[in-house]
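Structure first, commentary second.
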Amino acid sequence: MRAPWSAMAVVAVVALSGCTAPVALSDSDGRVQVVTTTGILADLVRNVGGNRVVVDSIVPDNADAHAYEPTLRDVRNVVYADVAFSNYLLLEAQNVIKALDANLRGGVPNISLAEGATKYAAEVIPLVEDASLDTVWLGMRVRGTGRQYGANRSSDVLLSATDVSGPGHLVAYLTESFGDPDFYVNSTDGFDPADGYKDDTAVLPPDAHTHMSWAFTEPGVYRLTMEARLAVAQGEKPVELGRQTFTFAVGVDPHSVGGAVLSAGHADIAVDVDQRRLYLYADPHGGGEVHQEVYDPASTVIEVPTKALKQVPSGRGYRFLGRPGDKVYQLPQAVLGRHVHGEIDPHLWQDVGNAQSYVELIRDTLIGVDPAGAMEYRRNADAYLAELTTLDTYVAETIASIPPASRYLVTTHDAFGYLAHAYGIPVAGFVTPNPAVEPSLADRVKLTETIRNLRVRAVFLEPNLRARSSTLVEVAKEQGVRVCPIYGDAFDQDVDTYVRMMRFNADSLKECLS
Amino acid sequence: MSQLTNSIVAVLTAATLAVAPTPAPDGLTQTLDPNQSVASGRAVLEKGHVDLGPRYRDGDWTIQIHDDTAVPPVWRKLSDVVLRVRDAAVERVPDDPAYAFVGQPPGTPVHVVPQTQNQDVVWVGWNTQDPGVMAAISRGVTMNLLGVQGPGGVVVYLQSGNLGAPQVLWDSTKPFPQPLWVETNTHTHANWIFAKPGVYLVAVEFTAELLDGKQVTGRETLRIAVGDSTPVDDAFTAVYTGSLPGTGATPSPAAVAEPDDGGSPLLVGVLVGAGAVLVVALIWVLVRGARIRRRALDQEESA
């Protein structure tokens, strides 16, 4: 029963993408008239609606949904629509959403799929507003009370850096309210055992924790050795609490170092007063403290990614990191600014599971508009959901077969967070967050460093953005790496269904990165 | 040497926030005690760690103060608490254009509640770590500044420590409401600057969507006595006289997810349409572009 409908859908798409006789909605057609914002949504609707619906999208293939200006024809389609589907969450240009809102007839459902899909178990991820804050949040922590040694809240736990090895310097510092730095670890002036490492020591009370920035001046692998003592009271001989070496992969592939990788969430270099040992105490998934667990420093690597690369600002106060313009890799002291606006990344469909949520919402919406077709919509949706499950497995297996050390995604804009999250391919970098932002010199520097330090084999470019993505293409050429296609929010003449798009992307990643 | 125990300092957190009488079997997992009690009676908090935050109990969404200066920690009603910012908090505005947002000339003394603790100053943060809240919501809460009444301006900002400019979160000289997104199970401290001594009333609202799609919201007024010479009693008795923005609400996905609910999809359209016109006027410091939640709030405000 499915095949004829699929065939029809393909015919419709071919007609659309050929631009010769585009379908248009009308009031003289017995079928349900559906308008969508993008071609991807139109394809999902066709698979559910089959021959009971006629579907047209506002944004044509090859166009950029973020920037498209609706035409009179689009407005006419909206007027005739019996139901409208948008992605929403700032994916579409304002004028596209306005065209829907202003021209839909009264009572016509206007469905935001990205928002509504959360009711159908779609998994959403917050939009990262500042990529340099999208790193592991690393602090220092004292665990335990030290009561067995007579310690109380006014006792001191001294956490000292005794050595740093690596290609550059390591500075762990705090930026105070008015910008003054305060140092915890500073390798630029060495480590002095004679004075008990006084200048490289953090002092915390028991059961406390704090955060600071961790700056590194060159890419490479660093090893930081720390030791801890408990000073129960002034003048008493301190209790030795142990020593450990912590490993950082700065700008380079952390997998090549070996061991577990801490690249997200909250982690602390912790001294456990009661157990008299140092370890990493981390929750790779959360920002809070509730689910932290012990990680052995000997088999754990802390990642400092190239997206956290910054240049030393001119102006006062930062000379300890180098000269203005020098590059610094850095983990920040506070990560709240990563998403203070609570927006959701709108590109949900890059996770096939989320596309399935869209499909369920489309099914229920069509049933609401056309109850007589309920059985047909359910049957179509069931068949399509099964096809999407197969697709999900294919994408997951294909990407998983790329060696981890090569499995990095570098794109022109930040549209693949869901692909990264669902299929385990970290976004190593992008030129700018969205196509509307012009790349700066600093963006270019960061891109170059990412490709070079991670030995990235290929970068990925959306065909519809090719004309506007000179930076990605130029930097790839300079670094001698391939530019491979990946589809984000739009189809073209070669890739014209959602299923084909996701398969194409998985295959392209595999072929170009392996 | 960073002497965390006196001037600069440590974030006392879940370990101390949490009173976990019986640790989990592995001894590693910390949890906030869901039965932490609510204290009654007035309290003046002028040193130590204090958080503002939502609580959710038996279907009741409230905004309270988590008083970590008490042993064991307790929750308090905002009307029972005055946060007293002593003169030990005074710092001078630096001669640096990056701090022009403070709104005071370089060298001006201002009271600063810092992001990292100054042991001599009450340390005010916010958390979304109440176990009832963590169990009831999926993503986070919107913490909204509705208004400030006081002798001078109030600015709340973050030092992310990423070599970037300070990030202003709230600024009482800008239009209200000023929403700020806070993820669940997080605990944050930022810098608070009070331009002049005196009594400040800070009206805040916490809104969240529960797992079942229902929206909960609560508003409270934070009472702050700034400066040693400001009488604490004045802060207890002060009344917020200004008008507050209409109730803030994030657009509920429930409104768009139910195709059989004829009115709701239309509602969303209206929200977006009106917001598109208004959003430009109310751009939030340091932010790129328009915001869905803000658009909805603007709409609510204008409605």
Side-chain angles (χ1 to χ4, degrees), chain A residues 89-90 94 97-98 101-102 104 107 109-112 115-116 118-119 132-133 156 174-179 182-184 198-199 201-205 207-211 213 286-291 293-294 310 313 316 318 328 330 332-334 336-337 339-343 361 364-365 368, chain B residues 1-5 8-16 28-31 91 94 96 98-99 112 114-116 129 139-140 142 158-164 167 169 180-181 183 185-188 191 213 251 253-254 256-257 259-260 262 265-266 268-270 272-273 276 287 290-293:
Chain A
L89 298 179
L90 301 184
Q94 256 319 303
I97 297 295
K98 271 157 97 175
D101 297 335
L104 281 174
N110 183 358
I111 306 296
S112 154
E115 291 203 343
T118 57
K119 286 281 171 298
S132 76
L133 304 179
D156 287 341
L174 177 75
T175 304
E176 296 181 5
S177 297
F178 285 141
D182 184 54
F183 298 96
Y184 294 88
K198 182 168 68 70
D199 293 334
T201 296
V203 183
L204 286 85
D207 245 0
H209 111 271
T210 190
H211 280 272
S213 301
E289 296 93 356
V290 176
H291 304 296
E293 290 176 16
V294 171
K310 289 270 183 173
R316 63 186 202 123
Y318 291 114
V328 177
Q330 196 168 253
Q333 72 185 26
L336 179 79
H339 28 250
V340 296
H341 306 293
E343 282 174 24
L361 174 53
D364 293 349
T365 305
Chain B
M1 181 185 287
S2 288
Q3 187 56 250
L4 296 183
T5 45
I8 325 160
V9 192
V11 184
L12 302 172
T13 54
T16 43
L28 303 172
T29 317
Q30 300 171 131
T31 48
E91 293 187 44
D96 182 339
Y99 296 89
V112 181
Q115 182 172 330
T116 43
Q129 295 182 309
R139 298 183 54 232
T142 300
L158 270 183
Q159 290 282 16
S160 294
N162 66 343
L163 305 178
Q167 182 171 20
L169 303 175
L180 173 64
W181 171 255
E183 284 177 280
N185 185 22
T186 58
H187 171 209
T188 304
N191 303 285
V256 293
D260 53 343
L266 270 182
V268 170
V270 174
V272 178
V287 195
R291 309 288 166 195
I292 288 169
R293 281 163 204 285

Considering all heavy atoms, the nearest A/F178-B/Y99 contact: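 For A/F178 versus B/Y99, the nearest heavy atoms are C-OH, 3.3 Å.
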
Would you give the length of the straight line joining atom [atom1] of [X] to atom [atom2] of [Y], rounded to the nearest 0.5 angstrom?
X      : Y      : atom1 : atom2 : value
B/R139 : A/H339 : CZ    : NE2   : 8.5 Å
B/Q167 : A/L133 : CD    : CG    : 7.5 Å
A/L336 : B/L158 : CG    : CG    : 5.0 Å

Short side-chain to backbone donor-acceptor contact, A/T175 and B/Q159, under 3.5 Å: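 Here the side-chain-to-backbone pair does not exist.
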
Interchain contact, B/L163 with chain A, by part (heavy-atom threshold 4.5 Å):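 For B/L163, the contact with chain A is made by backbone and side chain together.
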
Per-residue contact mode, B/S160 against chain A (heavy atom under 4.5 angstrom): both

Most contacts with chain A, counted as non-hydrogen pairs under 4.5 angstrom, among B/N191, B/N162, B/V112: B/N162

Choice from A/S177, A/A334, A/P332 maximising heavy atom contacts with chain B below 4.5 Å: A/S177

Check against side-chain contact (heavy atoms from CB on, under 4.5 Å), A/Q333 and B/T116: CA-CA 10 Å; A/Q333 72 185 26; B/T116 43; 5.8 Å; no

